[in-house]
Asker: 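What follows is a single structure, and I will ask about it in a moment.
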Amino acid sequence: MKNLQEKLGREITVLLEDAYEMSGVEPSFSIPAERKFGDLSTTLAFTLAKKTGSKPFMLAGDIAARLQGKLAAVEEVRVAGGGFLNFFLRRDDFFTAQRRSLTEPWAPPARKEKVIVEHTSINPNKSAHIGHLRNSCLGDSLARCCRFLGYEVEVQNYIDDTGIQVADVVWGLLHYRRMDLDAIRRIPDLAAYLWELYAEVNRLFAADEALAAQRREVHRRIEEKAEPEYSTCLHVAEQVLLDHVRTMERLDIQYDLLARESDVIALDFFKAAAAELADRGVMAPSSDPGKQGCLVIHYDREKIEKIIVRSNGTITYVGKDIAYNLWKFDLLGRDFHYRPFHVYSDGRPIVMTASQPAASPPARSFGRGQRVYNVIDVRQSYLQNLIAQVLVQLGHPEAGANFIHFSYEMVALTPACVREMGLILEPGEESKPYIEVSGRKGRAVKADDLITRLEEKSLREVSARNPELAEAEARLLSHVIAVAALRYFMVKFNLNTVIAFDFKEALNFEGDSGPYLQYAVVRLNSILKKAAAADLDATSGAAGLAPLPEGERELYWELVLHLSLLEIQVEFALQNHELSSLATYAYGLCQKFNHYYHLFPVLAEPDPARRYLRLGLVLLFKNKIETTLSLLGIEIPGRM
RNA sequence: GCACCCGUAGCUCAAUGGAUAGAGCAGUUGACUUCUAAUCAACAGGCUGCAGGUUCGAGUCCUGCCGGGUGCGCCA
């Protein structure tokens, strides 16, 4: 459909050029909700009417007359409503082209741009929670969409291994629990252990300023590499990071590179950036007496001074982030060292930055992106905007334009959910619409717990439906279904919709849910499997729709039309930063398939021509839905 | 105080400025001797927070108001 629309647009422009001023006018198309309005519709007449000051309806009539019979793919052009131009396609031609595309492998356009997607970036001091899951699911699907469209994609996960958050739990382990490093190493599930400890020490810090001061002292000692704090910090950060990587691997989410803040610091990335920032006058000493000795950047949009270098000479988070993002665009003039970190079960390596050359560094290079997506929640908008501003001020407008904050709203908990988890609501919270998740307050649903809970529910459902299944196989199916439920739930909302998390909704496997989508494909695969067993070739059959009875033909055609939109849908999702539109597209296709499935039997159809046409449609459905779902990280189980 | 986001069916959410505002859940009713009922069909449910404006056309854009959320730290 994408090629057809582009061609149609060009044809129309050429045909109308003599009569109308077409510069800057690009005909755009949509599929009308009602078939009586044709297969494709354009509002071109309204656009031109505005330019010329004439009546849309009259203009549309004239345009239709000029186009009638001159467009290769179009049977008829009609005017409807106040001036809509509706196109009726040559259905058999279009259908034949769609069927042919099934036997040709998908070839995205070759693109030179390299895209870097940063997502996840969880503080390595406790287990991941539902808030992080939204980030990772969005980021991973975003990366998959970019790959699908032909971009080279590198997925990075930024690890703040030197921040105060890690220092909090280091203090808790060493000075509160009074453990030594050996004892810490023996803690079986460190991330989960720290989940509790992190919440506990933060309660202490809030209540006792002396303890909070101790925590800052621990942080300082870590920065000075003093023992035992430094080694403990390294151990904690690495173990918890490994825990996060494993959690995300359960969801089929992988990273290419783990970029550590400690390496940004050790390799003096900021120094390189600072020289440039000072030269260009972007960063300067603060004139505010309250910020004496600080280096600041004036952020125009918010009309504020943001501290980049503290009066004690240390660099703030934003400063390090500016340097890191300059590196992503290869604008820093420096590079990390690299070392292998982990190998995924499918054999893909995951690399970590290093401050020293490694014995066996990876063969590939990292960074040097032309476009950068930072998947970070909306609460960091102003810092992300500041970085974009700095890129421009440093003389890199193209990098500034290609620096994209992929912003999304937070995940929160409903008050009912907080109560259900046995946590206490503070005064006034009962009447709130939702309550922010907070690792620091221990108020969140742990990612691993939620995944496990989804797997358990799937297992009950799978076992009930397939009692003869071996447990190992049932578990495998349950896992795939649980992942679909979670990943679909995490991307189906608009980015600026706050997800007020609720177990009942997240654990729903019916209707607008991941398992619903899988179920449609499982049924459709079952038809294809039986057809293959009966030696029916789904790719053969009639070239036109004529053999279908009239009532079916219209529906069949509408389905072909919607199935052809896949590539347009992916591009739309990427352009508008709305992966939810892709989820909605997948859901719509599955609904359409289920509807068709109930109306028209495939294998039982006695007329061979009709049977082959239906089989062909089933194959088209399989191809498009499976591709869409793969972009959302959803696999299809063998049975359900 | 300033900035950003949100307000659509009982609930949770959709709807590139486009034709009669759609789904799921919950409710009522019906469909498994049939390619898997994690499904389908039907009914019911709406002053799209309020008031103006822009235009061929507004849930969508602009202004004001009401209600809710978030951000603005020598934390990250």
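So that the names make sense, note that chain A is the first sequence line, chain B the second, and so on, each numbered from 1.
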Asker: Spell out protein contact along nucleotides 6-20 of chain B as letters: B when the base is contacted, S when just the sugar-phosphate is, - when no protein heavy atom is under 4.0 Å; keep the 5' to 3' order.
Answerer: S-----SSSSB-BBB
Asker: If the P atom of B:rC6 is compared with that of B:rU16, how far apart are they to the nearest Å?
Answerer: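 Straight-line distance between the two P atoms is 13 Å.
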Asker: According to side chain to side chain donor-acceptor pair (under 3.5 Å), who are the partners of A:Glu217, at least two apart in sequence or on a separate chain?
Answerer: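 Here the qualifying residues are A:Arg220.
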Asker: Residues two or more places apart in sequence or in another chain: which of them pass side chain to side chain donor-acceptor pair (under 3.5 Å) with A:Asp535?
Answerer: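 A:Asp535 satisfies side chain to side chain donor-acceptor pair (under 3.5 Å) with no residue once adjacent residues are dropped.
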Asker: Using side chain to side chain donor-acceptor pair (under 3.5 Å) as the criterion, list what pairs up with A:Lys320, not counting sequence neighbours.
Answerer: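 A:Lys320: side chain to side chain donor-acceptor pair (under 3.5 Å) contacts with A:Glu261.
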Asker: Between A:Ile304 and A:Lys504, who's closer to the 5' end of RNA chain B by nearest nucleotide?
Answerer: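 Between the two, 5'-proximity favours A:Lys504.
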Asker: Under the rule for salt bridge (Lys or Arg N to Asp or Glu O under 4.0 Å), what residues qualify as partners of A:Arg215, not counting sequence neighbours?
Answerer: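 A:Arg215: salt bridge (Lys or Arg N to Asp or Glu O under 4.0 Å) contacts with A:Asp168.
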Asker: Given atom CD of A:Gln384 and atom C1' of B:rA3, what is their separation to the nearest angstrom?
Answerer: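 It works out to 17 Å between those atoms.
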Asker: Run through RNA chain B and report every stem of 3 or more consecutive Watson-Crick or G-U pairs, distances under 3.5 Å, ordered by first number.
Answerer: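 Stem segments, range with range: B:1-7 with B:66-72, B:10-13 with B:22-25, B:27-31 with B:39-43, B:49-53 with B:61-65.
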Asker: Just to verify, what does A:Arg453 make a salt bridge (Lys or Arg N to Asp or Glu O under 4.0 Å) with, not counting sequence neighbours?
Answerer: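 By the salt bridge (Lys or Arg N to Asp or Glu O under 4.0 Å) rule, A:Arg453 matches A:Glu420.
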Asker: Testing the basics here: between A:Pro124 and A:Asp160, what is the closest heavy-atom pair and its distance to 0.1 Å?
Answerer: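 Looking at all heavy atoms of both residues, the shortest contact is CD-O, 3.2 Å.
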Asker: Mind checking side chain to side chain donor-acceptor pair (under 3.5 Å) for A:Ser41 and listing every partner two or more places apart, or none if nothing turns up?
Answerer: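 Result, side chain to side chain donor-acceptor pair (under 3.5 Å) vs A:Ser41: A:Asn86.
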Asker: Dump every N/O contact between nucleotides 39-45 of chain B and the protein below 3.5 Å, one line per pair.
Answerer:
| unit_1 | atom_1 | unit_2 | atom_2 | d |
| --- | --- | --- | --- | --- |
| B:rU39 | OP1 | A:Gly511 | N | 3.0 |
| B:rU39 | O3' | A:Asn594 | ND2 | 3.4 |
| B:rU39 | O2' | A:Arg523 | NH2 | 2.8 |
| B:rU39 | O2' | A:His598 | NE2 | 2.9 |
| B:rC40 | OP1 | A:Tyr516 | OH | 2.5 |
| B:rC40 | O4' | A:His598 | NE2 | 3.2 |
| B:rA41 | OP1 | A:His595 | ND1 | 2.8 |

Asker: Both A:Ser458 and A:Gln165 contact RNA chain B. Which one's nearest nucleotide lies toward the 5' end?
Answerer: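 First, find each residue's nearest nucleotide; the 5'-ward one identifies A:Ser458.
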Asker: B:rG73 P sits how many Å from A:Gln380 CD, rounded?
Answerer: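 Interatomic distance, CD of A:Gln380 to P of B:rG73: 14 Å.
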Asker: For residues 508-516 of chain A, please give each side-chain donor-acceptor pair under 3.5 Å, one per line with the distance, not counting sequence neighbours.
Answerer:
| unit_1 | atom_1 | unit_2 | atom_2 | d |
| --- | --- | --- | --- | --- |
| A:Asn508 | OD1 | A:Glu510 | N | 3.0 |
| A:Asn508 | ND2 | A:Glu510 | O | 2.7 |
| A:Asp512 | OD1 | A:Tyr488 | OH | 2.6 |
| A:Ser513 | OG | A:Phe509 | O | 3.2 |
| A:Ser513 | OG | A:Glu510 | N | 3.4 |
| A:Ser513 | OG | A:Tyr516 | N | 3.4 |
| A:Tyr516 | OH | A:Asn594 | ND2 | 3.0 |

Asker: In chain order, what residues pass the salt bridge (Lys or Arg N to Asp or Glu O under 4.0 Å) check against A:Lys622, with sequence neighbours excluded?
Answerer: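 With neighbours one apart ignored, the set is A:Glu626.
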Asker: Let me have the donor-acceptor pairs involving side chains of residues 474-486 of chain A, under 3.5 Å, with sequence neighbours excluded, atom names and distances please.
Answerer:
| unit_1 | atom_1 | unit_2 | atom_2 | d |
| --- | --- | --- | --- | --- |
| A:Arg475 | NE | A:Glu471 | OE2 | 2.8 |
| A:Arg475 | NH2 | A:Glu471 | OE2 | 2.8 |
| A:Ser478 | OG | A:Leu459 | N | 3.4 |
| A:Ser478 | OG | A:Ala474 | O | 2.6 |
| A:His479 | ND1 | A:Glu455 | OE2 | 2.7 |
| A:His479 | NE2 | A:Arg250 | O | 3.2 |

